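Have a look at the structure below, then the notes.
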Amino acid sequence: MQTLKQQISESLNTLRKQKPLVVNITNYVVMNNTANALLAIGASPIMAHSKEEMAEMMSFAGALVINIGTLDSVWVPRMEFAVEQANANDKVIVLDPVGCGASKLRTETARKIVAAASNLIIRGNASEIIALAGEQAQSKGVDALDSSDSAVNAARFLACEYKCSVVISGETDYVVTESSTVALKNGHQMMPYVTGMGCTHTALTGAFAAIGDTTGLAATAVLGVAGELAAEKSAGPGSLQLNLLDALYQLDEEQLLKALKLEAL
């Protein structure tokens, strides 16, 4: 465990030194939230949606984040083109399959992106991961009704099928690769009451992927610990949202290593 914790700490230090550029094709609801979270942790966000500049962007960006939260007929081709450009430039793609399983459009789009991506991390809630794997999932809009524990087998299937890493968000977070599964028990019960918290998790995953952590472990650990620290100073979800940015910005190695609760399964 100590080795994993040290790797996470080193990843945070590297991110802050390198300040990677992360291209985000994300939803209208969370653009401001996720851009601020990336800035707070030390990365450089750009919310780029135009096909006209995507090839150029992916030639020098560190990673591509695709979030399907506000899909439509215009955005889907842009996402597919962005995946092609990321593949051509050997960049990691982080997919957030928001609401996968809730509609045919979301499910088909998410599965198409997963199949097309060469270097992939999937970050979703339990219901999204189960639906993406083709199993029966319980979902209500974009909210998970399944527990994160129940999605581990689906995540392992996806990891092996697509040679990728899968991050499941929930009361316990899981980071699943072809060869390993790590459970993290950080975070706070108030976090689901802030819109786009999962989207923030996805954006941070892109930032860490850009500096070499292609598992999603560092982002999951950092957000969980920052969420706990922010909750200590928060009266409710409104102040939590603001305090989370401060916690990401101020998080140091000592706080991170002391608070981390993780287990290799």
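These numbers come from a predicted model, not from an experiment. We number each residue from 1, following the sequence as shown.
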* Sequence neighbours left out, what passes ring-ring contact (aromatic ring centres under 6.0 Å, His included) with Phe60? Give chain and number order. =>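 Result, ring-ring contact (aromatic ring centres under 6.0 Å, His included) vs Phe60: none returned.
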Only counting residues at least two apart or in another chain, list the ones meeting side chain to side chain contact (heavy atoms under 4.5 Å, CB included) with [X].
| X | answer |
| --- | --- |
| Gln7 | Thr3, Leu4 |
| Ala230 | Leu240, Asn243, Leu244, Ala247 |
| Ala82 | Ile25, Met54, Leu64 |

Transitive ILVMFWY side-chain link [X] to [Y], under 4.5 Å:
| X | Y | result |
| --- | --- | --- |
| Leu95 | Met47 | yes |
| Met79 | Tyr162 | yes |
| Leu257 | Leu15 | no |
| Met58 | Leu21 | yes |
| Met190 | Val225 | yes |

Give me the atom names and distance for the closest heavy-atom approach of [X] to [Y].
| X | Y | result |
| --- | --- | --- |
| Leu132 | Arg111 | O-NE, 3.5 Å |
| Ile211 | Ser11 | CD1-O, 3.6 Å |
| Leu256 | Ala221 | CD1-O, 4.3 Å |
| Ser59 | Asn89 | CA-OD1, 3.5 Å |
| Asn27 | Cys199 | ND2-SG, 3.8 Å |
| Val98 | Glu128 | CA-OE2, 3.4 Å |

Next item on the list: Taking atom types as modelled, find out whether Asn24 and Asn67 have a side-chain donor-acceptor pair closer than 3.5 angstrom.
Entry: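 Distance-only check fails for Asn24 and Asn67.
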Sidechain-backbone polar pair: [X] side chain, [Y] backbone, donor-acceptor under 3.5 Å:
| X | Y | value |
| --- | --- | --- |
| Thr215 | Leu217 | yes |
| Ser165 | Ile121 | no |
| Thr107 | Gly101 | yes |
| Asp173 | Gly170 | yes |
| Arg106 | Gly69 | yes |

Once you round to the nearest 0.5 Å, how far does [atom1] of [X] lie from [atom2] of [Y]?
| X | Y | atom1 | atom2 | answer |
| --- | --- | --- | --- | --- |
| Gln250 | Gln255 | CD | CD | 7.5 Å |
| Thr177 | Leu158 | OG1 | CG | 13.0 Å |
| Glu253 | Asn13 | CD | CG | 6.0 Å |
| Ile68 | Leu105 | CD1 | CG | 7.5 Å |
| Gln241 | Thr195 | CD | OG1 | 8.0 Å |
| Ser234 | His188 | OG | NE2 | 8.5 Å |

**Report entry** Residues that Lys112 engages under salt bridge (Lys or Arg N to Asp or Glu O under 4.0 Å), provided they are two or more places apart
**Finding:**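 By the salt bridge (Lys or Arg N to Asp or Glu O under 4.0 Å) rule, Lys112 matches Glu80.
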- Query: Does Lys163 have any salt bridge (Lys or Arg N to Asp or Glu O under 4.0 Å) partners at least two apart in sequence or in another chain, and if so, which?
  - Reply: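 Testing Lys163 for salt bridge (Lys or Arg N to Asp or Glu O under 4.0 Å), a comparison that skips the adjacent residues, returns Glu178.
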Cut-off 3.5 Å, no hydrogens considered: what does the side-chain donor-acceptor table look like for residues 34-44, sequence neighbours left out?
| residue | atom | partner | partner atom | Å |
| --- | --- | --- | --- | --- |
| Thr34 | OG1 | Val30 | O | 3.0 |
| Thr34 | OG1 | Met31 | O | 3.4 |
| Asn36 | ND2 | Asn32 | O | 3.3 |

I need the full list of salt bridge (Lys or Arg N to Asp or Glu O under 4.0 Å) pairs touching [range], with sequence neighbours left out, sorted by first then second residue.
| range | result |
| --- | --- |
| residues 47-58 | none |
| residues 8-17 | none |
| residues 218-236 | Glu228-Lys261 |

Next on the checklist: Evaluate Leu251 against Val222 for side chain to side chain contact (heavy atoms under 4.5 Å, CB included), listing each step before the verdict.
Outcome noted: CA-CA 8 Å; Leu251 186 63; Val222 164; 3.8 Å; yes
Counting only pairs under 3.5 Å, give me each side-chain donor-acceptor contact of residues 202-210, with atom names and distances, residues two or more places apart or in other chains.
| residue | atom | partner | partner atom | Å |
| --- | --- | --- | --- | --- |
| Thr202 | OG1 | Asp96 | OD2 | 2.7 |
| Thr202 | OG1 | Arg123 | NE | 2.9 |
| Thr202 | OG1 | Arg123 | NH2 | 3.4 |
| Thr202 | OG1 | Gly198 | O | 3.1 |
| Thr205 | OG1 | His201 | O | 2.8 |

> Side chains of Glu84 and Asn87: does their closest heavy-atom pair fall under 4.5 Å?
Replying inline: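 No, side chains not in contact.
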Please identify which of these residues, Ile168, Val166, Ile129, meets the side chain to side chain contact (heavy atoms under 4.5 Å, CB included) condition with Tyr174.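 Only match with Tyr174 under side chain to side chain contact (heavy atoms under 4.5 Å, CB included): Ile168.
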Does anything in residues 214-251 form a ring pair (Phe, Tyr, Trp, His ring centres under 6.0 Å)? List the pairs, not counting sequence neighbours.
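Listed once each, the pairs would be none.
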